[in-house]
Undergrad: 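Take this structure, written in structure tokens, and hold onto it; I'll ask about it next.
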Protein chains: 2
Amino acid sequence: MSTTPSQRDLQKARTRRALLDAGLGLLKEQSLSSLGLREITRAVGISPAAFYRHFRDVSDLGVALVEESLGSLHEVIRSGLTEHTEDAERIDHLVGAIAAYVRAHPEHIRFVASERHGGVAAVRTAIAAELDRFAAEVAGLLAEDEVSRGWSTEDLRMLGETYVDNMVMTASAFLEAAQGDGPASEAVAHTARRQLHLISLGRRHWTTSGQTSGA
Amino acid sequence: MSTTPSQRDLQKARTRRALLDAGLGLLKEQSLSSLGLREITRAVGISPAAFYRHFRDVSDLGVALVEESLGSLHEVIRSGLTEHTEDAERIDHLVGAIAAYVRAHPEHIRFVASERHGGVAAVRTAIAAELDRFAAEVAGLLAEDEVSRGWSTEDLRMLGETYVDNMVMTASAFLEAAQGDGPASEAVAHTARRQLHLISLGRRHWTTSGQTSGA
DNA sequence: GGGTTCAGTAAACAGTTGTGTGCCGGGCGC
DNA sequence: GCGCCCGGCACACAACTGTTTACTGAACCC
């Protein structure tokens, strides 16, 4: 199947990585729509024209960063939700996992948080699609709990979105804590746990019939 | 007290408005950190140098936009929470109020959503401060419900933050709906109502003693 | 070993940017 | 009515931007 990595492809992949890393690094202090192509190549140490060998655009590089940033998170969440079934344990584990992920990949999280509603349409779309997948995945996992018996897929979907939104906000709050703004890391974790607990309580008392009036 | 508006101050205020409006308009398609000073003055029809008579920076203009965007929202929320006390009614009213606000001031909402985690530190800080005030305000209003009897101020605060986060997400979802991306407006409203109901249910069954382990 | 492929180069292109200077001219206070 | 105030202007500055062009040279395939 997969033939030799071919030393030339290897070098290409290496500078591609360098471009991605440099871009991500520069995004600590600005947003994607103001990130310059020359700025990136300068940081890497290659000529501006060489950029086009790897990406068509800066926003193209941005889209590539989305996958990279969110890809490895799926497994984290999956394990966070399946390893425990008891509420309190599960919440502790999940919040801890998010904190660990933020600590391990702060720039990726910052990138997603900034560009989720940022100025580059293609990137916004890519992030929205990825978060949608997360919501569906979470909904699927939560559907297996006994508590979810009889829930409509629509309600499960709503629950998944609530979880995902909450997780993104929490991750972003951890980030701010890590860099000194806002409340400290433990305070963020404390709040996040209580918020998840609140949702979890609501879930347990959810009645499956329609609760609110129609559109 | 307030002396005459002094026709000259009046003209100054008028071009200041024009600058703010032009800036806000241009932010539909990009983010603040890439918004150029010349771009703004060009849209208004004045010379670049004239910009400095009103703002020191583009980010200075951004900070001014924050107040403007979020200032008028306080009253909306206050009335949305106080006019009804019954859960379902209150939720309907609140979601409706958010939808109306987004329809009335779409650019302002887009601005806040983009720049909340955007690249300009001063603006980020200003938005965070304003949203903090919202959370405190919501917490204060919810404290008056019978359901909140015995809640610690810390828990109330957490509840307020949950509400505010949810409202921001909802507003942003309405915005995407209005411009064709994502689900339609009624679907957003439907999801938002169910999410608020979920939180409301959790609130009703919240037990005042510590639920989760320490930090 | 010879020809081809291709990541990276250097240079030039026409625009753009933020900021500083000096100056005008109409509303203002006296 | 005179003189100051001050919002706005024109112009110049150096620095920067994205993109194209023709090129080099090393790894590649046969």
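Just so you know, these numbers use all the heavy atoms, side chains as well, and skip hydrogens, waters and symmetry mates.
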Undergrad: Check D132(A) with R157(A), please: is the shortest side-chain N to carboxylate O separation under 4.0 Å?
TA: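 Result for this pair is yes, salt bridge flagged.
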Undergrad: Before accepting this row, confirm whether a basic side-chain N of the pair R42(A)/E39(A) lies closer than 4.0 Å to the acidic partner's carboxylate O.
TA: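 Salt bridge between R42(A) and E39(A), a charged N being under 4.0 Å from a carboxylate O: no.
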Undergrad: Ignoring hydrogens and geometry beyond distance, is the side chain of R8(B) in donor-acceptor contact with the base of dC5(D) at under 3.5 Å?
TA: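 Indeed, a donor on one side and an acceptor on the other fall under 3.5 Å apart.
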Undergrad: Would you mind classifying the nucleic acid contact of R56(A) as base, sugar-phosphate or nothing, using non-hydrogen atoms under 4.0 angstrom?
TA: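 No contact.
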Undergrad: If you find the nucleotide of DNA chain C closest to R53(B) and the one closest to E39(B), which residue's nucleotide is nearer the 5' end?
TA: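 Looking at DNA chain C, the more 5' nearest nucleotide goes with E39(B).
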Undergrad: Are the charged groups of R78(A) and E75(A) less than 4.0 angstrom apart, N to O?
TA: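 No, R78(A) and E75(A) are not salt-bridged.
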Undergrad: Could you tell me how far apart D9(A) (CG) and dA7(C) (C1') are, to the nearest whole angstrom?
TA: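 Whole-Å distance recorded here is 11 Å.
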Undergrad: In plain terms, say whether R194(B) and E161(A) are close enough for a salt bridge, that is, a side-chain N and a carboxylate O under 4.0 Å apart.
TA: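 So R194(B) does not pair with E161(A) through a salt bridge.
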Undergrad: Does R16(A) reach a base, just sugar-phosphate, or nothing at all? Heavy atoms under 4.0 Å.
TA: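 Nothing: the residue R16(A), judged by heavy atoms under 4.0 Å, touches no strand.
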Undergrad: For L35(B) and dT17(C), give me the distance from atom CG to atom P, rounded to whole Å.
TA: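 That distance rounds to 10 Å.
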Undergrad: Which comes earlier along DNA chain C counting from the 5' end, the contact point of I46(A) or that of P48(B), where each point is its nearest nucleotide?
TA: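 Nearer the 5' end of the strand: I46(A).
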Undergrad: Could you give the OH-to-P distance, from Y52(B) to dT17(C), as a whole number of Å?
TA: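 One finds 12 Å between P of dT17(C) and OH of Y52(B), rounded.
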Undergrad: Quickly work out the D57(B) CG to dT17(C) C1' distance and round it to whole Å.
TA: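 Taking atom C1' of dT17(C) as the reference, CG of D57(B) is at 14 Å.
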Undergrad: Return the value, rounded to whole Å, for the distance between atom CZ of R17(A) and atom P of dA7(C).
TA: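 Distance, rounded to whole Å: 18 Å.
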Undergrad: Among dT20(D), dT17(D), dG27(C), which nucleotide has an atom closest to any side-chain atom of A49(A)?
TA: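 The answer is dT20(D).
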Undergrad: Rounded to the Å, how far apart are K12(A) NZ and dC6(C) C1'?
TA: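 Going from NZ in K12(A) over to C1' in dC6(C) covers 8 Å.
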Undergrad: Give F51(A) one of three labels, base, sugar-phosphate or nothing, depending on what nucleic acid heavy atoms sit under 4.0 Å from its own.
TA: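 Touches nothing.
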